[in-house]
Structure formats: C-alpha cells, structure tokens
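Take a look at the structure set out below.
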Amino acid sequence: MNEYGLKAKDATVASLGLKNVSAAYWNLNPSELVEETIILGQGVLSDSGALAIDTGEFTGRSPKDKFIVCDEKTKDSVWWGDVNYKFDPAKFDILYNRVTAYLSGKDIYVRDTYACADPKYRLNVRVVTEYPWSNLFANNLFLRPTKEETLHFAAEWTIICAPGFNADPEIDGTRQHNFAILNMTRKVILIGGTGYTGEIKKGIFSLLNYILPHEKGVLSMHCSANIGKDGDTAIFFGLSGTGKTTLSADPNRGLIGDDEHGWSDTGIFNFEGGCYAKCVDLSKEKEPEIFEAVKFGALLENINFCDGGTTVDYTNISKTENTRVAYPINHISNAVEPSVGGIPRNIFFLTCDAYGVLPPISKLTAGQAMYHFISGYTAKVAGTEVGVTEPTLTFSACFGKVFLPLHPTKYAELLGEKLKKNKVNVWLVNTGWSGGAYGEGKRMKLSYTRSMITAALNGSLEKVKFETLPVFGLSVPTACPDVPAEILNPRNTWKNKDAYDMKAQQLASSFVKNFEQYAKAANEEILAAAPKVAERV
C-alpha cells in the first residue's frame, strides 16, 4: 500500500479514538486470520479445515445486557421495556472512551463490510475487533466488498468488539461486566466482556430492525428464504425447533438466506453474506448442505473433538448446547448470489404445536397473518432445553421479539400492507403433534410437511376445497397430494373429540392472554383475528 493509503487508515483508526494501538490489521483474508488465531493460541484447525475456537464465558447472547442509548433520536420511537433497555448517552461516551483506552497498545483487526444485498439499502459497516477470529466471523457473516470497493470505503456504522474488556457496573451503568450497546446517534455498536460472536451479528440485525421499517418503509424479518427455478420466492418464519432450517433447505430451490431479510417494494434481500448455523448433532445424513459447508474458512464455536484427534464430535455438548458454525453463504452449493429475490408468493409460519390442536397446514387471511405474526407461537418440548420436562408454551413477537427495537404492531401492519398489495399466500404450518398432545399423539411426519409445503408452492392447494375450523377460524384444505386427508383436520385425528375441544380452548386462551400486551396498539383487523374463547375457559 502506498504512503497515502497507510496515512489514511491511521487517521481513520485515530478518528475512532484508537490513537495508540500497537498495530491495526485491515481486511486480512481468512487464511491470515486463521493463522493469527493459531499463533495466538486461540484456536485450532479441525480435520475438515474449519477453525475451532471457544468464545469463553459466554456461549450465547445475553439479552438482559443488550442496551440502546436513549436520546432525542430514540426516546419516543424505541419500544422500551423487557427487551430494549435504556442506556444513558453520557455513560455511553465514558464507556466508549474506556474501551478504546483498553485497546491502546494492542493489535486490532479492522474489517470493511456491509449489510443488505440490495444496493439501494446497503449499509457500510466497519468492524474493529480485539481478536482475529471475531474478525473472521464478521467476514463470514456480513457481505464482502470487492478489493476495489475497500479502497474507497466510507463506513456509516462502526462496531467495536473488545471481549477482554470488563465493565464496572457502578462506573459504566451496565448490569454486569458484559454489554452490547447500540447508539443510533453516534452510529456505533459497542461490545465488551463477551466473546460470543452472535452479539456482532444480532447487533446489526437489531439496528436494521430499527432503521429499515422506521426510516425506509422496508419490512425487516427474522426468517429464511429460498427461490424456485421459475423465480418464485418463499419465506419461512419459525422459532427454534419448528423446522425452519430443514424445510427451507431444499435441493430443488436456491437458498437466498437462512436468517435475516428485508422486504422492499421490489422484492426481498438478505441482510447477510453468510450463515450462523447450529451444529449440535450435525451429520452428513441429516443436514448435508451445512455439513459440507464446515470447511476451511468456516468458524466452529465451542465444539468438542473426538478423543485424541481433530474430528469434531457434534454430539458432545458439554461446553454448550449452542454449538455453532459460521461460514460464507457461498459454502452452500445452491446459494443464490446476489442474495435477492422477487416479491414472495408464499410465506410459511412454522410452529411446533405440542398440544396437537393446530392443523398441519392452513391458509391465513391478512388479519390472521398479522395476528399470528405478532404472536409468534410455538411450544418447547422435553429435551429442547435444560429443565424442560413437559410442553411449554412460547410466544415471541414477529418470531424474534428480542431483536425488535420498535413495537411489534409496527412490523405486523407493514406486513399486512405488503400482503394485500401483492396478494401473497400465507400458510400456518404445524410441524408438531397430531392425534393428541405430546405424550399421546405423534409428531407430524416430515415427509407430510414437505408434501404440504410443495403443494402450496406449486399451486396444487389452490385447486382443492377448504373448510373453516372453529375456535381459531383457520381455513384448512380438505385434500393435499401425498398426504392422508384424515390428518388435515386435527380434530378428526383425536379419539376423544371432547378432549380435543378442551385443549383447543386452552390453547386459544393462552393466545388471547399473551396478546393482551399488544392489544392497545393493534388495529381492528388484527384484533378480529383472535381465536374465540368460550366463557367457561
């Protein structure tokens, strides 16, 4: 690099308050970052070529330690409460200076990257990290500018990630020593006290969940997306355990992205340039695409090796159940680049209903779609989390409540507008139980679920009759190719029909109770889509 280029980069680092760092390494390639990590003793290569590291004390996000600076820009627009905690602007400035002072005398790694595959909404982000493997994560998960683009890169946002810096709650105003703070005015995301790389990823997602709907009229979504050979786009929403990754990974369709997308007036686009997949029990047989993606350049987190070797033991979760692998999207053979698609024709809300009440597939009206979008329902069953011994109801607004800076109704109403304008089909798909609740009935066969989704995608369901079920008012097909007709109406699968009716009322009551927190901000169309609860419940 010429002298001017070096001076410009030094000036850029200094402008961030990082005036006395030992060295700043810019845009190192994956090979260089892997080498740096190994030299520092912070990671090892697995036999597949992927770099394996441990994130330290934190092996997952810490939602209660995620803050947004409350100032003139955010005080009246952010949905303050149990997922968005206020942080004082003056405290942020002090903490920022303490973090940059901590990095003095250290090597840092700087990466120019961006979010949003649609050029119209591109967000240039500069990521400054204490550790080389954190920088590799940013390279894998975000979109990668060309070498020429980096020469003239102008960052709009900056992430500073210093896992080795521990905050003092009394001085810094944090809850404990770790933190992830968004400052919308200074356009900075400040992370410290945690090495868990997901804080970097979800910091940008939370940011986009604010600026895109609030300032651009773009719906931000926590979902996967794929595209058919004729250009038809499909979106899959779903919480953990519902089958989102499995069902969106279709060898006959191109993968747009597995987690975060925006929906503009012209189509959808991936926020990211990579995938951050869970890898507990990963195998070539179960998830061949992900398994083959774990190669050189990928970053494995908190895994264990088989005894005496470098082969990953994906069944060993002694460090955490949240073992992960981060890799560029081009590690997936059927990935679409650029990661964009047209207006979706079909949207799938995936739920694992352990109570056996919801039908395996039903078509939603716009009002019902908004209601179920805000509800974000599924049920955790035994074995999905430590301490879960029986089905547990879970509601997560917009299928990602913890990442929503705005009130959930804002996203739902924007969804409703787009559904009506574009005449999109919305399907509620139950991948959970049929013929009875968990422990009595059986889980829906994956082959049946795939057949129902295929029928929705290819238009087969448009040719059959539908019936409307009581309580939830869902419209259910009376026939579907390659699926037994008797399972389409869930009540028909129960031996004891009265037991089904009672369980349906119980689930409906849970929906209504959960929705009370959003009801005041919801419009009449959304409220009218609530399930009907009998007075005796």
Side-chain angles (χ1 to χ4, degrees), residues 60 221-226 234-250 253 255-261 275-282 286-287 289-290 321-322 324 344 346-364 368-369 371-385 388 390-404 408 411 415 425-434 437-438 441-454 456-457 472 474 483 487 490 507 510-511 514:
M221 306 176 293
H222 189 207
C223 67
S224 60
N226 62 27
I235 295 174
F236 298 80
F237 291 92
L239 299 174
S240 179
T242 60
K244 181 180 68 171
T245 300
T246 300
L247 292 168
S248 63
D250 186 334
R253 297 174 65 84
L255 179 67
I256 297 173
D258 79 329
D259 199 39
E260 302 171 4
H261 296 83
C275 303
Y276 192 38
K278 292 181 180 178
C279 52
V280 58
D281 292 330
L282 179 64
K286 290 182 182 178
E287 299 286 354
E289 293 86 4
I290 296 175
E321 293 185 10
N322 190 36
R324 293 270 182 172
N346 291 280
I347 295 176
F348 299 93
F349 293 166
L350 306 176
T351 180
C352 175
D353 177 22
Y355 299 92
V357 168
L358 297 179
I361 190 167
S362 53
K363 192 172 185 180
L364 305 181
Q368 288 173 329
Y371 183 89
H372 283 272
F373 186 59
I374 293 175
S375 297
Y377 163 70
T378 195
K380 296 176 183 177
V381 296
T384 58
E385 287 188 6
V388 177
E390 59 183 33
T392 305
L393 285 168
T394 300
F395 294 96
S396 182
C398 307
F399 300 95
K401 179 180 178 181
V402 294
F403 312 122
L404 304 182
Y411 305 94
L415 172 67
N425 297 318
V426 183
W427 308 91
L428 180 65
V429 176
N430 175 20
T431 63
W433 270 254
S434 176
Y438 174 78
K442 294 182 179 180
R443 189 156 187 184
M444 186 63 55
K445 289 183 179 180
L446 178 59
S447 61
Y448 291 164
T449 302
R450 286 193 183 279
S451 293
M452 287 182 277
I453 288 176
T454 297
L457 290 171
F472 281 85
L474 299 173
V483 178
I487 73 167
L507 182 59
S510 296
F511 265 82
N514 169 72

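As a basis for the values below, the full set of heavy atoms in this structure was taken, side chains included, without hydrogen atoms, waters or symmetry mates.
- Separation of the Y355 and Y438 ring centroids does not fall under the 6.0 Å cut-off.
- Between F403 and H222, the distance from one ring center to the other falls under 6.0 angstrom.
- Side-chain contact between F236 and I453 is present, with at least one heavy-atom pair separated by less than 4.5 Å.
- For the residue pair G400 and S396, the shortest heavy atom distance occurs at N-OG, 3.6 Å.
- By the 4.0 Å N-to-carboxylate-O rule, D250 lies too far from R450 to be salt-bridged with it.
- Applying side-chain contact (heavy atoms from CB on, under 4.5 Å) to F373 and the options L415, I347, V426 leaves one that passes, L415.
- Annotation: F472 is in aromatic contact with F511 [ring centroid separation under 6.0 Å].
- The two residues T351 and T378 have their closest heavy-atom pair at OG1-CA, 3.5 Å.
- For the atom pair OG1 (T431) and CE (M444), the distance works out to 9.0 Å, reported to the nearest 0.5 Å.
- When all heavy atoms of A234 and F348 are compared, the pair lying nearest together is CB-CE1, 4.3 Å.
- A side chain to side chain donor-acceptor pair (under 3.5 Å) with Y377 is found for exactly one of T394, T242, D353, namely D353.
- When side chains are defined from C-beta on, L364 does not count as touching N425, because their heavy atoms never get closer than 4.5 Å.
- For the atom pair OG of S224 and CD of E260, the computed distance is 12.0 Å after rounding to the nearest 0.5 Å.
- At a threshold of 4.5 Å between non-hydrogen side-chain atoms, the residues L446 and Y448 do not count as touching.
- Put simply, the side chain of N226 gets close to the backbone of S248: a donor and an acceptor are under 3.5 Å apart.
- A 6.0 Å sphere centred on NZ of K445 holds no more than 12 heavy atoms belonging to other residues, nucleotides or ligands.
- In summary, the side chains of N322 and K278 do not present any donor paired with an acceptor at a separation below 3.5 Å, with no hydrogens or angles considered.
- You'll find the side chain of M221 reaches within 4.5 Å of the side chain of F237, heavy atoms only.
- The CG atom of N430 sits 8.5 Å away from atom CE of M452, with the distance rounded to the nearest 0.5 Å.
- Using a distance-only test at 3.5 Å, with no hydrogens or angles considered, no donor-acceptor pair links the side chain of R324 to the main chain of C279.
- Annotation: the span from L239 atom CG to K401 atom NZ amounts to 12.0 Å, rounded to 0.5 Å.
- Contact annotation: the side chain of L474 approaches that of H372 to within less than 4.5 Å [non-hydrogen atoms, C-beta and beyond].
- The nearest pair of heavy atoms linking A225 to L255 is O-CD1, 3.7 Å.
- Within the 4.5 Å cutoff, no side-chain heavy atoms of D259 are placed close to those of C275.
- For the pair L428 and Q368, the minimum side-chain heavy-atom distance is 4.5 Å or more.
- F399 and L350 get closest at one heavy-atom pair: CE2-O, 4.2 Å.
- Counting all heavy atoms, side chain and backbone alike, F349 lies closest to A369 at CE1-O, 3.4 Å.
- At a threshold of 4.5 Å between non-hydrogen side-chain atoms, the residues I235 and H261 do not count as touching.
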